[in-house]
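Worksheet: the structure to be examined is printed underneath.
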Amino acid sequence: MGAWAGAGIGGDVIGMLVVVVIGGVFVCAAVMWRGGIRRPFAAMRAGTSEVRLGKPQLKHAADLAISRARGAARPGEPAVVRVDEVLGVLADHFGGPDVPRHVVAAALRRRFEAGGCRADCVTDAFD
């Protein structure tokens, strides 16, 4: 007889306890894995998809803000293009999508450099 026979515990009960304990370990590992690893990646994907969907709008808003600033500048003065103006264009033309300021500044920097604005514009997007 086994060591547990005197205590009244059969082999089937011990086998079930082992299966339950191993199953509990797997469940705990799965909860920790999904909670600790999946959520940050999912949040990052959600944020990048939001920015990816808004890229054409950001590009258009930055171009429009640059052209407005060039139109408002006096002859011989540089056009001043601010990140807040791009945010205003986003609000006026696209219903104010919720885009972080640093993303708008990055879009303005890209359009600033692509549009040859260094010669006649200044911006706060590099701050």
Taking only distance into account, with no hydrogens and no angle test, what donor-acceptor pairs under 3.5 Å do side-chain atoms of residues 73-91 form with protein atoms, sequence neighbours excluded?
residue : atom : partner : partner atom : Å
D84     : OD1  : R101    : NH1          : 2.5

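L108 is connected to V103 through a chain of hydrophobic side-chain contacts under 4.5 Å among Ile, Leu, Val, Met, Phe, Trp and Tyr, so both are in one cluster. Grouping the Ile, Leu, Val, Met, Phe, Trp and Tyr side chains by contacts below 4.5 angstrom, directly or via other members, places F112 apart from V122.
Every side-chain hydrogen bond (donor to acceptor under 3.5 Å, both in side chains) that R68 has, sequence neighbours left out, goes to H93.
The distance from atom CD of E113 to atom CZ of R111, rounded to the nearest 0.5 Å, is 11.0 Å.
In F126, the CZ atom is crowded: over 12 heavy atoms of neighbouring residues, nucleotides or ligands sit closer than 6.0 Å.
Here the side chains of C117 and T123 are not in contact, with every heavy-atom distance at 4.5 Å or above.
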